[in-house]
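This report refers to the structure that appears directly beneath it.
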Amino acid sequence: AGATDSAVQQQEELLPLLPAGRLTLLPWVSRALAVLALLLALHVLADPLQRWRLRHIPGPPALPLLGSVPAMMRAGGPFFFRQCFAKYGPVFKVAMGRKWVVVVADAELMRQAGQRLRSHVIIEPNLNRGHLRRLDAEGLFQAHGEFWRLLRGAWQPAFSSAALSGYLPLMSACGLRLAQQLQAVAAEAAEKKEGEEEGKEEEGKGEEKQGGQAEGGQAEGVRKGEGGGARPAAGYVDVWRALGGMTLQVVGSTAYGVEFGTLTASGNYRTGTKDEEEDAAAAATATATADGAGGGGKYGRRLAVACGDVFRFGSALHGSIYQRIGLLLPELVPALVPLAHSLPDPPFKRLQRARSTLLAACMELIRSWRQQHATTTRTAGGTTATGVAAAAEAPAAMCGAAVPAAAAAVDGAAAPAGPEEADAAARGGGVGGGGGDGSGVGGSGVAAGSFLDLMLAARDKANGAALTDRMVAAQVQTFLLAGYETTANALAFAIYCVATHPEVESRLLAEVDAVLGRDRPPTESDLPRLPYTEAVLNEAMRLFPPAHATTRIVEAGAPLQLGGVSLPPRTPLILAIYSAHHDPAVWPRPEDFIPERFLPASPLHSEVAARVPGAHAPFGYGSRMCIGWKFAMQEAKLVLALLYQRLLFRLQPGQVPLPTATALTLAPRDGLWVRPVLRRAARAE
Ligand code: HEM
């Protein structure tokens, strides 16, 4: 009793030293420890079970609880898979924390799995709450089963050949606007250089007179030109960011017929990370107007930053610590959701801001569509007259570009410029005519700006139900995200590859000049006449696939036989596109940039295409293949040709090899800093 008394006394003496908050935390700490102990027990029991199911599949060693996550974070996901491919063969297992996944890294096996399996699986933990959580699950990428079929049918007309023809003037106008902005940067830099050279001459004269004091003065002048910082240097721009602004505006005008304002402020891409941070911070209060022009480009810029942030901070390996914990211990996700929202770390805050900006933009697009819709007549195909006119009225106005007359010509037909022309465009573009497929849309395509018409007209075959507002918002969000980053990355990597390969640059310029001349923007009939431009894009996407991997899940019921390996039902698969694109057994000299591989007339073509038909898969495979691939290729080809007609790009030193970020996409890590040079001036250089 004496001992107990003294222990109590000791505790009482210590109590005042503990802050009151700590005392109330004690039960929570013990509960947390109990949960951890439970998880450990689960791990000890469940992990061997999963392992046993996949025991016949080789793979890298897995640390307890962490699996291969530390190794993946060190190397970067796609590079880690490539190392494993070399070591363990084309099919191997990897522990992503407590979750085991099977990685397929061989082109032919990827094609088989991609074609035979119909559902994506999401490996990243979702820490969103409420609507936002369901929004992700209801987008086309994550949907499955009958719901996916309904959505895919509703999306399809927006990507038909007829619809793509209708988008061409809009894409061209956006590309042209970007080219004009870069031309202005190049001209300004050239002028400055001339001024500096003149100044140097003057100073040289002064130096002769004053006895050599000019050096400091000259350096000062150069520093002023650089804006006082190490980056951006004078005349250099982050072309990756600029391309992101352009691709986002292409989505705005082709899908929704609105101006986001991402191409209105040329300063967008002359700034560095600090501004990005500020933009992200301001994003929460961004006014989500579909008329981005009213915000002087600020709204558009925030939207672009938000889309980028979703890709970068949405990845568990690169984002919030909570996401990482959720990946390692999926059972903890329900507890992590409130914790992350009440005590967010900086990446989580940034992701949440990005998500709310994006959601606000989606809701505003739907709201303004409804507002327009209420005042206009609905056509049989579900396209509003206003929607068509808004998009087709003035492709140039959509992107703020001054489009030369030739730019408006699509295969000899003048681009629509007013209501009559808009009607004609709608007819020519094959406005959805209620094609009897159960979705309420159909025909060969839709006019630009009518993506929402398609979504709102979609009907469930079984019960005729329309999509809910949240389901529609999920598609709007998917289109914005999918249409923005990947195409911008593909174009930025292509520019990087061309800038580091002078012989490719010469051949590209020769093709563009021969087909288009110096200022005629490409028309639809020009596109097939630009095979080398297309080969440059294909080879850049081989070396740097913007979507470096995709996923599938083995269907319930029967195992999947893949290359002699049996994969149990419900096994999550990662199709490692990056590894397959760098496989030395398929691609001779896999690290070299050789666009000729993609030219059917080249002897190099048969080395790959004939032997392994599905070896090049930047857009995936089978029924889940990228729905926007033709859209992306048309846009990228058009814009690359437009840019190289007018400009060359010189890399800011220190970017070879280009640092990349491997979050949800493969992207240039710090942007791509280039000096645009007018082609006229380049000849003089
Ligand atoms: C260079 C640009 C692009 C690349 C590299 C790319 C790549 C991919 C890949 C690899 C997939 C997964 C395919 C699979 O699992 O087999 C995918 C799916 C998808 N992409 Fe793209 N994409 C690009 C542009 C676009 C554009 C412009 C859009 C739309 C506007 C788009 C919309 C989608 C959608 C909705 C899906 C999901 C389709 C489904 O699950 O049914 N993508 N993309």
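Just follow the structure's listing: the first ligand is 1, and inside any ligand the first atom is 1. These values consider heavy atoms only, across backbone and side chains, with no hydrogens, waters or symmetry-generated copies.
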Quiz item: Just distances here: any N/O of T478 and N/O of ligand 1 closer than 3.5 Å?
Solution: no

Quiz item: Of the backbone atoms (N, CA, C, O) and the side-chain heavy atoms from C-beta on, which set of W155 has a member under 4.0 Å from an atom of ligand 1: side chain, backbone, both, or neither?
Solution: side chain

Self-check item: N/O donor-acceptor pair under 3.5 Å between S165 side chain and S161 backbone
Solution: yes

Practice problem: Report the nearest protein non-hydrogen atom to atom 34 (C) of ligand 1: residue, atom name, distance rounded to 0.1 Å. | Solution: I627 CG2, 3.9 Å

Quiz item: Does any N/O atom on R152 come nearer than 3.5 Å to any N/O atom on ligand 1?
Solution: yes

Quiz item: How are the rings of W587 and H616 set to each other: parallel, tilted or perpendicular (split at 30° and 60°)?
Solution: perpendicular

Exercise. Under 4.0 Å from a heavy atom of A547: give me the atoms of ligand 1 that qualify, with their elements.
Key: 7 (C), 10 (C)

Practice problem: Could you see which bit of E635 sits under 4.0 Å from ligand 1, with heavy atoms only: side chain, backbone, both or neither? | Solution: neither

Quiz item: Out of A632, A255, C626, whose heavy atom sits nearest atom 42 (N) of ligand 1?
Solution: C626

Quiz item: When you measure from atom 32 (C) of ligand 1 to every protein heavy atom, which one gives the shortest distance, and what is it?
Solution: A482 CB, 3.3 Å

Quiz prompt | Spatial distance of atom CG (L560) from atom CZ (R116) [nearest 0.5 Å] | solution = 4.5 Å

Exercise. Quick one: look up the protein heavy atom nearest atom 40 (O) of ligand 1 and list residue, atom name and how far away it is.
Key: R624 NE, 2.8 Å

Quiz prompt | Parallel, tilted or perpendicular: rings of F479 and F631 (30°, 60°) | solution = perpendicular

Quiz prompt | Any donor-acceptor N/O pair, Y644 side chain to T533 backbone, under 3.5 Å | solution = no

Quiz item: Strictly under 4.0 Å, does any heavy atom of R552 approach an atom of ligand 1?
Solution: yes

Quiz item: Is there a nitrogen or oxygen of W148 sitting under 3.5 Å from a nitrogen or oxygen of ligand 1?
Solution: yes

Exercise. For the residue pair E138 and Q142, confirm or rule out a side-chain donor-acceptor distance under 3.5 Å.
Key: no

Quiz item: Got a salt bridge between R597 and D592, using NZ or NE/NH1/NH2 to carboxylate O under 4.0 Å?
Solution: no

Self-check item: N/O separation below 3.5 Å, H120 to ligand 1
Solution: yes

Quiz prompt | Ion pair E591/R82, N-O distance below 4.0 Å | solution = yes

Practice problem: Below 4.0 angstrom from a heavy atom of G620, which ligand 1 atoms are there? Numbered from 1 as shown, please. | Solution: 10 (C), 13 (C), 14 (C), 16 (O)

Exercise. Would you please classify the geometry between the Y578 ring and the H582 ring as parallel, tilted or perpendicular, with 30° and 60° separating the classes?
Key: parallel

Self-check item: Nearest-neighbour protein heavy atom for atom 5 (C) of ligand 1, which is reported as residue plus atom name and distance
Solution: P618 O, 3.5 Å

Practice problem: Tell me which protein heavy atom sits closest to atom 37 (C) of ligand 1, plus the residue, atom name and distance to 0.1 Å. | Solution: F141 CD1, 3.5 Å

Quiz item: Going from CD on E364 to CG on L359, what distance comes out if it is rounded to the nearest 0.5 angstrom?
Solution: 12.0 Å

Exercise. Please say whether more than 12 non-hydrogen atoms of neighbouring residues, nucleotides or ligands are located less than 6.0 Å from CZ in R152.
Key: yes

Quiz item: At a non-hydrogen distance cut-off of under 4.0 Å, which region of F451 contacts ligand 1 (side chain, backbone, both, or neither)?
Solution: neither

Self-check item: Per atom 6 (C) of ligand 1, closest listed option by heavy atom (Y621, F619, F631, Y484)
Solution: F619

Quiz item: How many angstroms lie between atom CE of M633 and atom CZ of F619, to the nearest 0.5 angstrom?
Solution: 5.5 Å

Self-check item: Proximity to ligand 1 by part of L140, non-hydrogen separation under 4.0 Å
Solution: both

Practice problem: Give the residue and atom name of whichever protein heavy atom lies nearest to atom 30 (C) of ligand 1, and the separation in Å to one decimal. | Solution: F479 CE2, 3.1 Å

Self-check item: R529/D526 ion pair, N-O < 4.0 Å
Solution: yes

Practice problem: Can you pull out the closest protein heavy atom to atom 12 (C) of ligand 1? Residue, atom name and distance to 0.1 Å, please. | Solution: T550 OG1, 3.5 Å

Exercise. Tell me which one of L151, L481, T486 gets a heavy atom nearest to atom 24 (C) of ligand 1.
Key: T486

